[in-house]
Structures are given as structure tokens and as C-alpha cells.
Amino acid sequence: MSRPCDMALARLDTTATSVEEPHRAQPALAFQPPDGFIKPNRWRLYRDRIRQPAAEFVGTMLLVLFGTGVNCQVSLSANTGVASSPKGDYLSVSFGWAVGLSIGVWVSAGISGGHINPAVTLSLATWRGFPWRKVPGYILAQLLGGIVGAGIIYANYVHAIDIVEGGRNIRTLATAGNFGTFSLDYMTNVSCFFTEFLGTAVLVLVILAVTDARNSPLQRDLLPLVLFILFLGIAVSLGMQTGFALNPARDLGPRILTSMVGYGTDVYTFRNHYWIWCPIMASILGAQVATMLYDTILLKGEQSVINKPDEWQTRQCTEIEKVV
């Protein structure tokens, strides 16, 4: 015979089972995508991760492709064994590089910002809050773009280079200058450095001005045109003596390419390793100084570290607002 307490426990167990059972039996709701939803494929996921560096790669490749291409055409066609008459002059070279810069920025600006220049990337990271975590990827992409762009042009003009050099296995600085930059003989080391420093500073200063919303802002579509005019002006005014590198990737990428195809170490040892302190260091310092001066004297926006309110000022303003 069951005791009253056992019967009560049995009823309690039955009640608990009747409450929990529907909960356990309830099926999980499956995800129902909205109408028109398309599941991204796997390549799209990878592309979104590399899209910005890839844009810098393509933009720099186009810059170097047009620039070294016009260098080769003008220089090599001066040899009668290559062409019956010269195909261009220094003005042609200036136009070719200006076209390369404007096209490279046009292709990449909407995706990566269109730096296509390590000096620009480093100056924006130092003064404008560009994420430092992106800097290595940007610079690597720019350098690889310079190598590939120069490689394409070398493959295109290799037979003309053979004629000028006197054979496939002969490579000298006479044609290396079509890819990397080399200063004129009468220039001193200080003069070389100053020329590249000045050219890069002018380039960056004007870029900052035309992209400043409180100065002379441009529609995005007009930026490549302004850069074309700007770079053309720098080339015809300041470029003769050092070849207007103004961009470490534009010089180092093609220089690496020349050492890969048989030019040897001469492209590096020229003028006590000219490639380090002139096309690289001078251009980087020129961009840094130009950005610092613009942000200190002309910029009113808070996108620069110079113009951001400090912690003390922010705290004082907050306390005043509370009182008011």
C-alpha cells in the first residue's frame, strides 16, 4: 500500500515530465535567408581580405609599366639598329610617367586610397591615422607591383635591349637607367638627396591640399587629372638630374628586376648605394616633412594627430559643458 508522500512525489514527477517534455521535443528553428540572399562563395571571402593590397599592387604595376615603358621606347629608339628615328624625347618621358601615375591612382583610389607609393603610405600612417597594421601589406604590394610592371616591360623590349647592349648576355648601366633611377655625374650626393626630397615634398603637399575638405576639395573623378598635371610639372621642372623617382617602390621594384635579369650588383653599388639614400630615404623624408608642415600650418581638420584635442583639453571642455 502506497504512502501519501510516495503518491505526492509521483504526481510531482509526472508534472515535471509534462512540463519539460514539450520543451525537449520542440525542434530547433533553421536559418531562413531573406528573399534575394546570395551566399558568398569561398573566393569572395579571400578576395575581400586581399582587395586593398591587390589594388595597390595593380596601381603601382600600371605606374611602372607606363613609366619604364616610355623610358625604354625613348632611350632604345635613339639607336638606329632599333628604330629608324627616335620615338620621343624628355617631354615624352614626362608625359608617360604622368599618365602612369594618374591611371594607377584611378584604378586603385576607390579601393585602397590610391597610395601606390610607400612614402605616401608611411606619411599617412605617421600623421593621419592610417592603420599601421596595413602598412606592411601595402608596401609589399607596391614593391611587388613595381617588380612585375618592370618585368613586363623588360620582356616587351628585351630584343631592343640586346641590340643596344650588343648581346643577350651583356647588361650594363647604359640600359639599367630605363628601369631604376641614376643621377647625372656632376651631381653631388647632397644635391641628389635634396632634389628627390624636394620633388616628393611638392608631390605630397599638393595631394594633401586637393584632398583637404576645408581647402580645395575635388570630386574623386578629378583627382587623377590633377595628379597628371602635378606629376608632369614636377618631371619637367625638377626631374632631369635624378630621374624623379619620388617613390621607393617605383625605383626599388624595377631595380630588383634588373638584378634578376643579369645586371648584377652595379645597380646597387652605384654612387655608394645611391638607391638607399636617394630614391628611398629622401622620398620618405620628403613626404614626412611635407605632411608635418601641411598639418601644422594649413590643416584645420582633426584627421591629423597634430590637430586632435589632447586629453586635458577634452576633459576641460566636458566639465564646462556639465556646468552650463
Side-chain angles (χ1 to χ4, degrees), residues 52 55-64 66-67 91 93-131 134-135 138-139 141-142 145 195-239 244-250 279 282-308:
Q52 290 183 334
E56 289 295 306
F57 169 86
V58 174
T60 310
M61 181 190 70
L62 291 172
L63 165 65
V64 173
F66 277 94
L91 187 59
V93 173
S94 302
F95 267 97
W97 280 102
V99 169
L101 176 64
S102 60
I103 295 298
V105 171
W106 206 337
V107 168
S108 59
I111 300 173
S112 64
H115 299 184
I116 64 174
N117 186 338
V120 173
T121 301
L122 289 170
S123 67
L124 294 179
T126 303
W127 303 101
R128 293 295 184 91
F130 182 77
K134 293 185 179 182
V135 170
Y138 267 52
I139 292 179
Q142 293 157 358
T195 299
E196 286 294 317
F197 176 92
L198 177 62
T200 309
V202 172
L203 174 68
V204 173
L205 187 72
V206 177
I207 291 174
L208 295 175
V210 299
T211 55
D212 184 356
R214 298 188 180 185
N215 189 349
S216 301
L218 290 173
Q219 295 181 358
R220 185 181 294 271
D221 295 342
L222 294 178
L223 180 59
L225 176 60
V226 173
L227 292 178
F228 172 85
I229 298 172
L230 169 62
F231 202 83
L232 179 61
I234 293 174
V236 300
S237 303
L238 305 172
F244 56 94
L246 316 180
N247 182 337
R250 167 264 176 273
S283 60
I284 290 175
L285 289 175
Q288 293 287 337
V289 171
T291 308
M292 180 188 68
L293 291 177
Y294 187 89
D295 290 3
T296 302
I297 301 173
L298 301 177
L299 183 68
K300 293 186 66 175
E302 296 182 359
Q303 61 267 41
S304 173
V305 296
I306 295 177
N307 293 338
K308 287 184 178 180

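Counting heavy atoms from C-beta outward, Leu293 and Leu205 have side chains that stay 4.5 Å or more apart.
Contact between Ser123 and Thr291 at its shortest, heavy atoms only, is CB-OG1, 3.4 Å. The two residues Ala245 and Pro279 have their closest heavy-atom pair at CB-CB, 4.0 Å. A pairwise comparison of heavy atoms in Ser108 and Gly104 identifies OG-O, 2.8 Å as the closest pair. Across Pro248 and Asn117, no two heavy atoms sit closer than the pair CD-OD1, 3.4 Å.
The distance from atom CZ of Phe57 to atom OG of Ser112, rounded to the nearest 0.5 Å, is 13.0 Å. Rounded to the nearest 0.5 angstrom, Ser216 OG and Leu208 CG are separated by 12.5 Å. Rounding to the nearest 0.5 angstrom, the gap separating the CG atom in Leu101 from the CG atom in Asn247 is 8.5 Å. Interatomic distance, CE of Met292 versus CG of Leu299, reported as 14.0 Å (0.5 Å rounding).
In this structure Gln142 satisfies the side-chain hydrogen bond (donor to acceptor under 3.5 Å, both in side chains) test together with Glu56, Thr121, sequence neighbours excluded. Qualifying side-chain contact (heavy atoms from CB on, under 4.5 Å) partners for Ile207, counting only residues two or more places apart in sequence or in other chains: Leu203, Leu227, Leu230. Judged as a side-chain hydrogen bond (donor to acceptor under 3.5 Å, both in side chains), and not counting sequence neighbours, the contacts of Asn215 are Tyr294. Gln288 meets the side-chain hydrogen bond (donor to acceptor under 3.5 Å, both in side chains) test with Thr126, Trp127; sequence neighbours excluded.
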Could you list the donor-acceptor pairs under 3.5 angstrom formed between side-chain atoms of residues 232-239 and any protein atom two or more places apart in sequence or on another chain?
| from | atom 1 | to | atom 2 | distance (Å) |
| --- | --- | --- | --- | --- |
| Ser237 | OG | Gly233 | O | 2.8 |

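Note on residues 296-305: pairs passing side chain to side chain donor-acceptor pair (under 3.5 Å), not counting sequence neighbours, are Asp295-Ser304. Applying the ring pair (Phe, Tyr, Trp, His ring centres under 6.0 Å) definition to pairs two or more places apart or across chains, none involves residues 197-218. Pairs of residues two or more places apart, or lying in two chains, that qualify as ring pair (Phe, Tyr, Trp, His ring centres under 6.0 Å) and include a residue from residues 102-123 are His115-Phe130, His115-Tyr138. Applying the ring pair (Phe, Tyr, Trp, His ring centres under 6.0 Å) test to pairs two or more places apart or on separate chains, those with a residue in residues 199-238 are Phe95-Phe228, Phe231-Phe244. Contacts classified as side chain to side chain donor-acceptor pair (under 3.5 Å) and involving residues 198-208 (residues at least two apart or in different chains) are not found.
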